[in-house]
Protein chains: 2
Amino acid sequence: MKISELSDRSGLPVQTIKYYIREGLLPKGAATAATRAEYDGRHLDRLRLIRALREVGDLPIASVQQIVAAVDDEDIPLHQLLGTAQYALGPRAEPHREGPDWQAAREDVDAVVAELGWQVLPDAPTRDLLAQAFVALRRLGLPIVLSDLRPYIQAAELVADHEVGRLLVGDDREKAVQTAVATNVLYERVLIALRRMAQESASARRFDDG
Amino acid sequence: MKISELSDRSGLPVQTIKYYIREGLLPKGAATAATRAEYDGRHLDRLRLIRALREVGDLPIASVQQIVAAVDDEDIPLHQLLGTAQYALGPRAEPHREGPDWQAAREDVDAVVAELGWQVLPDAPTRDLLAQAFVALRRLGLPIVLSDLRPYIQAAELVADHEVGRLLVGDDREKAVQTAVATNVLYERVLIALRRMAQESASARRFDDG
DNA sequence: TCCAATTAGATAGCCCGACTATCTAATAGT
DNA sequence: ACTATTAGATAGTCGGGCTATCTAATTGGA
């Protein structure tokens, strides 16, 4: 299909599609002449993935770029892709790693992970993510105790087990990869939305019982 | 304290503090003269809250503004503040509410909420948030079935019950309010981080068992 | 008392991310 | 032959979140 058709079908302006090609999010079409290229369904799929990551996952272009690079890298086995996506997601804002606050928080995180026996790489960015939250809570005078953490841990294990359980659904890599990435980013949103609704509901039940 | 001291203690540049005052995130100091104002510990606390929301919660200034406005509004009872914060958080990107895709997704969401018997307002932005994720998943050819949703629902209820249970810790409004907001935003990050780590761990256990 | 330092308040500037617009050849289709 | 379309390059825009500068007033120390 022509780029104008790709634009129509995806709902994105031609210029935006060109921009994504420039940024390496989308492979360029097969050139049929100096000023002509042919696009196919895979381009359309990729655009849908990009938009999902951007609009729902709220990921910056740079993160999307890393993710699709991993998706396109045939050398990365499917079960590693999930981890790669984690790294691409990382902590959004670079944490200030200096100071005793950070030191202590990071040690707390490592202790929790060890305690749980979780197999998480020592330099996983998710550790920083958690430590960042710990630091902020502590600065607000709301230090975390393990008992507060327990429901979150339980919830995390609950969904993670389920997610990993349904990873190997097919052997079409493109599809499997999309499922993995979508699971990571989109179901994170699902979880967040459900938690907020459950909160509102529990709160309403608790207080507005009239 | 002087603004320079506030700057030192918070670690933020004076200009940034002034900017926050201009944007209404921080009340201005008590003027002692035309070019002098006095700041106190509450300003420092507020700055810490702002930074936590910005750096860990990754909220835009506009959302922080809504939240602190609710915090400052003495007319809002504590148990409503949580809901107010939800609204301020909202869906980050305005969803395209047109089209049958959206219609269907929104109906699915409403059906789920009704099915669960959750008390969630019909116009709660969290419904849109979830619908947005549903639309994206459907467009990627990964439609949601209720059985997939169940672990997430369970996890959401688990943490929400715990959170609402520990809401009324004290009667110092300022503190209680901070706890409520922090619970909402910061523990969301905690949950996300834990889920990602649990995923990595479960994945490692499943595949790297050598 | 005088002067360097500080500050409130206002205005303008900067940087980054994510597009969007324009321009130039070079075709394609009619 | 002529109009529409396109690849590729370059430049411009816009919003968000700060920074920098400037003015006039005031303070606090030598």
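Please read these numbers as outputs of a predicted model, since none were measured by experiment. We name chains A, B, ... by the order of the sequence lines, and we start the count at 1 in each one. What's counted below: heavy atoms across the whole structure, side chains too, no hydrogens, waters or symmetry copies.
The B/I61 side chain lies nearest to D/dG17 when the options are D/dT6, D/dG17, C/dT6. Among the nucleotides D/dT6, C/dA8, D/dC18, the one closest to any side-chain atom of B/Y19 is D/dC18. Checking C/dT7, D/dT6, D/dC18 against the side-chain heavy atoms of B/K2 singles out C/dT7 as nearest.
Atom CG of B/L25 sits about 7.0 Å away from atom OH of B/Y20, to the nearest 0.5 Å. Taking OH of B/Y152 as the start and CG of A/L194 as the end, the distance is 10.0 Å to the nearest 0.5 Å.
Side-chain to base pairing of A/K28 with D/dA7: no donor and acceptor N or O lie closer than 3.5 Å to each other.
Counting non-hydrogen atoms of neighbouring residues, nucleotides and ligands closer than 6.0 angstrom, the CZ atom of A/R92 exceeds 12 such neighbours. More than 12 non-hydrogen atoms from other residues, nucleotides or ligands lie less than 6.0 angstrom from CZ of A/R54.
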Atom pairs, N/O to N/O, protein against nucleotides 11-15 of chain D, distance under 3.5 Å?
none

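The separation between A/Q66 atom CD and C/dG17 atom P is 13 Å, rounded to whole Å. Computed from coordinates, the B/L25 CG to D/dG17 C1' distance equals 11 Å when rounded to whole Å. With rounding to whole Å, B/R92 atom CZ is found 13 Å from C/dA18 atom P. We find that CZ of A/R54 is positioned 12 Å from P of C/dG17, with the value rounded to whole Å. Distance, B/I17 CD1 to C/dT6 C1': 14 Å, rounded to whole Å. Rounded to an integer number of Å, the gap from A/K18 NZ to D/dT5 P is 13 Å. Atom pair A/D58:CG and C/dA18:C1' shows a separation of 12 Å (rounding to whole Å applied). A/M1 places its CE atom 18 Å from the P atom of D/dT5, with the value rounded to the nearest Å.
Judged purely by distance below 3.5 Å, without hydrogens or angles, the side chains of B/Q199 and A/E163 pair a donor atom with an acceptor atom. For the residue pair B/W102 and B/Q132, no side-chain donor N or O sits within less than 3.5 Å of a side-chain acceptor on the partner. At a cut-off of 3.5 Å, with distance as the only test, no side-chain donor of B/E200 or A/Q86 sits close to an acceptor on the other residue.
The residue among B/Q15 and B/R51 whose nearest nucleotide of DNA chain D lies closer to the 5′ end is B/R51. Both A/P60 and B/S4 sit near DNA chain C, but only B/S4 has its closest nucleotide nearer the 5' end.
If you check residues 29-49 of chain A against DNA chain C, the residues with a heavy atom closer than 4.0 Å are A/A33, A/A34, A/T35, A/R36, listed by number.
Nearest heavy-atom pair, B/A133 versus A/V56, reported as atom, atom and distance to 0.1 Å: CA-CG1, 3.9 Å.
Between the side chain of B/S201 and the backbone N or O of B/M197 there is no donor-acceptor pair closer than 3.5 Å.
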